[in-house]
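Everything below concerns the one structure shown next.
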Amino acid sequence: MTQITLVQGDITEQRVDAVVNAANSSLLGGGGVDGAIHRKGGPEILAECRRLRASHYGKGLPTGRAVATTAGRLPARWVVHTVGPVYRAEDYPQRAELLASCYRESLRVAVGLGARTVAFPAVSAGIFGWPLEDAARIALGAVAAAGPDLDEVRFVLFDAEAYAAFERVR
Ligand code: ADP
């Protein structure tokens, strides 16, 4: 049985096999959790992202998909980059399906690499504008529905408000 855990903290400090990055489709870095991962993980991550862009994702990584790179200097082994939907750019139910797909695809990639522990941020709930409680409901629902073969899926919520939202809908 995969344990689903909630912690308040910084995803870049998690000792897990894979940390998930709420990236944007360029894969070339951004703000929020993306900026923190590249800053702390160092240039190796960005170098691999650039290679992936050149080899597979000329137009960028599509929304709802996921791809892995090294985790550079982070304690994790891999970073799984996924692109959440911008809340206002998509309509329901497509946007909910795309957000659920981020979790499903990230888990699929992580399991494929042999990860046993995976940490997620609240994808799309920052710069991409998704209301926290709804984002939490979709995140927890998607992971439960995927039923991954892992030891732990850890949601790492950056602030008390995000942590409380996940606690409420769990
Ligand atoms: P998006 O563009 O998908 O909305 P953001 O990085 O802006 O992604 O925000 C996603 C969530 O990650 C937000 O709840 C934000 O507060 C949170 N966050 C930002 N930095 C970190 C971090 N270092 N660790 C964990 N969560 C973080």
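Quantities reported herein were computed from a predicted structural model and do not represent experimental measurements. All ligand and atom numbering here is 1-based and tracks the order in the structure.
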task = From the options T82, D159, N24, I11, select the one whose nearest heavy atom is closest to atom 25 (C) of ligand 1.
result = I11
query = So, are R73 and E44 salt-bridged, with charged N and O less than 4.0 Å apart?
reply = no
inquiry  = Using side-chain heavy atoms (C-beta onward) and a distance below 4.5 Å, is F158 in contact with D10?
reply    = yes
query = Does ligand 1 have any atom that is closer than 4.0 Å to a heavy atom of D10?
reply = yes
Closest protein heavy atom (residue, atom, distance) for atom 17 (C) of ligand 1 = F158 CB, 3.9 Å
ask   = Should A162 be counted as touching ligand 1, given the test is an N or O pair under 3.5 Å?
value = no
message = Using only atom types and a distance under 3.5 Å, with no angle test, would you say the side chain of T12 pairs donor to acceptor with the backbone of K40?
response = no
ask   = Within 45° of the axis and under 6.0 Å from the centre of the six-membered ring of F120, does NZ or CZ of R154 qualify?
value = no
message = When you compare the side chain of F155 with that of I4, does any pair of heavy atoms fall below 4.5 Å?
response = yes
query = Judging by distance only, is a nitrogen or oxygen of G126 under 3.5 angstrom from one on ligand 1?
reply = yes
task = Identify, for atom 6 (O) of ligand 1, the protein heavy atom at the shortest distance, and state residue, atom and that distance.
result = V33 N, 2.8 Å
inquiry  = Check E97 with R104, please: is the shortest side-chain N to carboxylate O separation under 4.0 Å?
reply    = yes
ask   = Which heavy atom of the protein is the closest neighbour of atom 8 (O) of ligand 1, given with residue, atom name and distance?
value = A22 CB, 3.7 Å
key: Min heavy-atom dist A122 to ligand 1 below 4.0 Å   = yes
query = For V123 and Y103, which heavy atoms make the closest approach, and how far apart are they?
reply = N-OH, 3.2 Å
key: Sub-3.5 Å N/O-N/O distance, F128 and ligand 1   = yes
message = So, regarding G32 and ligand 1 (criterion: nitrogen or oxygen to nitrogen or oxygen, under 3.5 Å), is there a contact or not?
response = no
request  = Indicate whether atom 10 (C) of ligand 1 is within a distance of less than 4.0 angstrom of some protein heavy atom.
outcome  = yes
key: Lys/Arg-Asp/Glu bridge criterion (N-O < 4.0 Å) met for R116, E152   = no
message = Below the 3.5 angstrom mark, is there an N/O of I127, backbone or side chain, next to an N/O of ligand 1?
response = yes
query = Is the shortest distance from a heavy atom of S124 to ligand 1 less than 4.0 Å?
reply = yes
ask   = Are any of the side-chain heavy atoms of N21 and V33 separated by less than 4.5 Å?
value = yes
